[in-house]
Protein chains: 2
Amino acid sequence: MQQDTLTAEVVSIGDEMTSGARLDTNAQWLSRRLGELGIEVTFHSTVGDTLQHNIDVFRTAALRADVVVCTGGLGPTRDDLTRQALADVVDQPLELRQSALDHIHHLFARRNREMPERNEVQAMFPVGSLEIFNPQGTAPGVDVTFDRPDGSGSRLFALPGVPAEMKRMFDETVAPRILESGGARRHIEHHVMKFFGVGESDMEQRLGEMIARDHVPRVGITVSSATISLRISAIGPSAQDCHRQIESTRAEIMQRVGELHFGDGEEFEQYHAVERMLTERGESLVSVELGRSAVLANWFASLGESSTYRGGFCFAKLGELATVLDCDAAAALETLRRRCGAQWLVAVDEYPSLESSDDQPLPAADVTLIVIDPTGAVLSTNSRLGGHPSIIYERIGKAALAWLRHVLTEPRAERSDNPTAAR
Amino acid sequence: MQQDTLTAEVVSIGDEMTSGARLDTNAQWLSRRLGELGIEVTFHSTVGDTLQHNIDVFRTAALRADVVVCTGGLGPTRDDLTRQALADVVDQPLELRQSALDHIHHLFARRNREMPERNEVQAMFPVGSLEIFNPQGTAPGVDVTFDRPDGSGSRLFALPGVPAEMKRMFDETVAPRILESGGARRHIEHHVMKFFGVGESDMEQRLGEMIARDHVPRVGITVSSATISLRISAIGPSAQDCHRQIESTRAEIMQRVGELHFGDGEEFEQYHAVERMLTERGESLVSVELGRSAVLANWFASLGESSTYRGGFCFAKLGELATVLDCDAAAALETLRRRCGAQWLVAVDEYPSLESSDDQPLPAADVTLIVIDPTGAVLSTNSRLGGHPSIIYERIGKAALAWLRHVLTEPRAERSDNPTAAR
């Protein structure tokens with residue numbers, strides 16, 4: 001198999017998917033991973049727990065795609081039909097695999113439980129198929145090749161529907177097997193870079209051919225609540241070679257859009273970047289949110305006790321904070337910063353109302369983002385921010401963090417704004 | 001068409017779906033709605049922007065399902081192939097519909113813009129098809145019947161991929177047309193009830209046959225972060241008949257699980273129930289969250305200025321609140337309640353750390369939920385709460401609201417707990 005010309009289909013199995021009881025997130029995740037391997041996903045199919053429907057869907061998929069990755073239907077109950085459907089499609093009987101059965105026994109023993117008899121079915125495999133080891137659960141995966149009438153083959157990988165198990169099995173076993181199937185041993189390595197402060201289409205324009213499908217290494221772009229992630233996926237003969245590709249691609253990306261970059265890593269967000277900067281300085285932070293959200297408090301609180309975050313305050317209006325602190329409204333923010341013993345304060349004034357938005361994007365409106373620095377100087381900026389109700393508060397909170405990072409980064413004398421005296 | 005025996009397929013169109021760039025939530029929403037109409041969804045298919053693949057998928061769907069609802073591919077660009085693919089599948093040419101073109105012109109005129117020439121293609125329909133009016137956007141939907149070789153027909157409804165447009169067009173046009181296709185005029189009405197305080201499987205057991213597929217009217221169960229929704233979907237000859245079915249079903253549900261019920265409506269959450277109770281009393285609330293989350297502040301803040309919510313406070317430890325208020329730690333909560341001029345205070349002590357959870361469910365651990373009432377009495381309870389990291393904080397916040405609702409509901413003399421003196 002030569003990845004660059006391979007196509008794939010992702011199949012999701014279960015009545016809970018076709019009925020809409022559960023949202024299928026596996027298909028999206030698998031499609032991205034397959035794309036990173038250089039394989040174009042051309043179809044997704046979802047099918048309920050009906051044997052004939054499963055057989056039909058597997059056969060159609062194997063005829064039109066070189067790689068088929070399916071999830072679900074590997075449990076121990078009568079609803080779980082994937083093993084039988086695969087056996088029917090490749091026209092082979094099921095046989096018991098002792099190694100798989102031993103692993104299932106081992107998992108039950110570890111939990112001090114007897115294995116129920118029905119779980120034995122999870123160790124049944126179509127003759128000629130390979131196991132896919134599942135370190136976390138009792139459902140091993142199945143790796144079987146379907147011989148097409150034209151003499152070519154389609155490789156079917158069946159994984160459990162539980163996302164954590166599915167993801168680990170794909171990364172640890174399925175991806176390496178796909179990479180090795182070309183004959184030569186090949187590695188894949190990923191690196192994620194995070195950006196804030198620009199729209200997706202502007203970002204795409206600035207990156208140009210770097211995010212084209214045929215760029216080596218592949219650079220994938222995704223957006224989540226106004227944070228842009230670039231995922232570099234390098235394939236090469238060694239991990240070292242992959243790292244070299246990633247290094248040079250990362251450097252080229254930094255040249256083009258470096259001023260928007262705030263950190264690296266899939267889970268790395270702006271509040272982590274702020275936390276890191278404050279930890280290095282040995283300084284701490286409080287947040288004040290006026291209006292209708294507490295996203296900053298929610299983010300910083302998640303960092304836990306050892307963080308530099310002193311606390312979060314959320315009010316409809318600044319006057320209410322003053323009442324609680326028993327001070328003038330004009331001095332409320334600075335009073336709070338001092339009482340909390342924090343060097344820095346970040347505030348949003350204010351999150352807009354969504355009451356009449358009717359699920360439509362809000363037009364851009366001015367929001368004041370305020371930072372108070374360790375000297376008590378108030379540094380504020382007006383940002384024009386809009387967007388869909390589902391993301392507008394996160395976008396505003398992130399804009400406040402971008403402003404805080406800007407103030408933290410610029411040497412005081414060179415700040416582009418005019419600090420005013422502390423209120 | 002007789003709904004009870006009909007099957008449906010949902011088709012999602014676009015490279016952004018097959019590549020995994022975008023998560024498909026339309027298929028889930030449509031599957032639920034079709035289920036409520038009594039139609040079993042047997043397959044979902046997702047296909048990219050390739051004409052022949054679209055034709056293949058439509059034909060396969062029309063041959064195996066009585067109703068096909070597809071989303072996407074109705075835009076004005078060359079990537080948008082749904083109109084052409086439908087025309088090819090039913091073997092009819094495309095023709096311009098003046099009514100659709102007038103609507104598109106009208107939408108551009110309303111925004112003071114000239115219609116670009118390419119948008120004209122959105123008014124093209126296969127000969128013999130019906131329009132589906134799109135009140136919000138320039139892409140009308142297409143409703144066309146495919147004649148199967150056996151003489152029966154499959155009805156294909158093509159809708160835009162934009163969720164807000166798709167949902168409104170389905171509810172306003174597609175669902176009524178499906179209901180009318182049986183000959184008799186039929187209505188559908190929905191009613192959503194909300195519950196907290198029990199797991200999904202316990203809830204299912206207590207509801208028994210009420211949530212069976214063949215129950216009349218249909219009752220669907222969904223769970224979101226420990227909140228359970230029951231959606232009653234009644235089909236009948238008149239709206240009045242539907243409401244009667246809903247009333248009697250609602251009463252039966254209340255008999256079985258009424259003590260867990262906190263309100264009605266798709267978007268109604270426990271914080272709305274608390275807001276309603278406090279508004280009726282003319283009383284107000286502050287919240288304090290210790291540990292690593294601010295979900296209560298985030299929920300109540302979203303209610304806006306006119307709410308009974310005075311503010312939210314989020315700290316690692318109670319001692320830090322005392323420092324800010326310049327009072328004893330033992331008196332911090334009560335001091336805060338008084339300074340805020342609020343009758344009620346709700347506090348969580350504390351949200352657990354997720355640091356070593358490794359994406360696995362957290363074991364149940366004690367969390368103290370505290371309410372202070374208008375007399376200053378402290379009413380606290382210990383809840384053993386666990387769950388997946390992605391929902392544990394919301395579950396704890398919701399348990400705190402359930403405790404607050406309990407205290408608000410019970411007459412003071414009959415409270416099962418022992419109020420202690422205010423700290």
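Lettering of chains follows the sequences in order, A, B, ..., and the numbering in each one begins at 1.
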Partner chain A: residue of V47(B), L23(B), V57(B), T50(B) with the largest heavy-atom pair count (under 4.5 Å): L23(B)
Any L325(B) side-chain heavy atom under 4.5 Å of V324(A) side chain: yes
Contact origin within V11(A) toward chain B - heavy atom pairs under 4.5 Å: neither
Option in T222(A), T42(A), T323(A) with maximal non-hydrogen atom pairs under 4.5 Å from chain B: T42(A)
Heavy-atom contact with chain A under 4.5 Å, split by part of L296(B): neither
Electrostatic pair R32(A):E36(A) at N-O distance under 4.0 angstrom: no
Basic-acidic side-chain contact under 4.0 Å: E334(B), R337(B): yes
Residue pair L318(A) / D349(A), side-chain heavy-atom distance below 4.5 Å: no
Contact origin within R33(B) toward chain A - heavy atom pairs under 4.5 Å: neither
Option among I211(A), V223(A), L230(A) that satisfies the side chain to side chain contact (heavy atoms under 4.5 Å, CB included) test with M203(A): L230(A)
Under 4.5 Å from any heavy atom of chain A - which part of D56(B): neither
L290(A) and E320(A), any side-chain heavy atoms less than 4.5 Å apart: no
Aromatic ring pairing F300(B)/Y271(B), orientation class (parallel under 30°, perpendicular over 60°, tilted between): perpendicular
Chain A contacts, top residue of H53(B), M17(B), E289(B) (heavy-atom pairs, under 4.5 Å): H53(B)
Winner by heavy-atom pair count (cut-off under 4.5 Å) against chain B, out of R339(A), Q28(A), R22(A): Q28(A)
Winner by heavy-atom pair count (cut-off under 4.5 Å) against chain B, out of F43(A), Y393(A), F315(A): F43(A)
When G341(A), A27(A), S302(A) are compared by non-hydrogen pairs under 4.5 Å with chain B, the top option: S302(A)
Residue that, paired with S31(A), satisfies side chain to side chain donor-acceptor pair (under 3.5 Å) out of E9(A), E40(A), H44(A): H44(A)
Per-residue contact mode, T25(B) against chain A (heavy atom under 4.5 angstrom): both
Region of D24(A) in contact with chain B, defined by heavy-atom distances below 4.5 Å: backbone
Contacting region of V286(B) [heavy-atom separation from chain A under 4.5 Å]: neither
Interface residue of largest heavy-atom contact number with chain B, from S19(A), C314(A), G311(A), under 4.5 Å: C314(A)
Side chain / backbone / both / neither for L336(A) at chain B, heavy atoms under 4.5 Å: side chain
Within-4.5 Å side-chain heavy-atom neighbours: V295(B) and N298(A): yes
Beyond-backbone contact of L345(B) with F313(B), side-chain heavy atoms, under 4.5 angstrom: no
Pairs of heavy atoms under 4.5 Å with chain B: top-ranked of S287(A), A297(A), P163(A): A297(A)
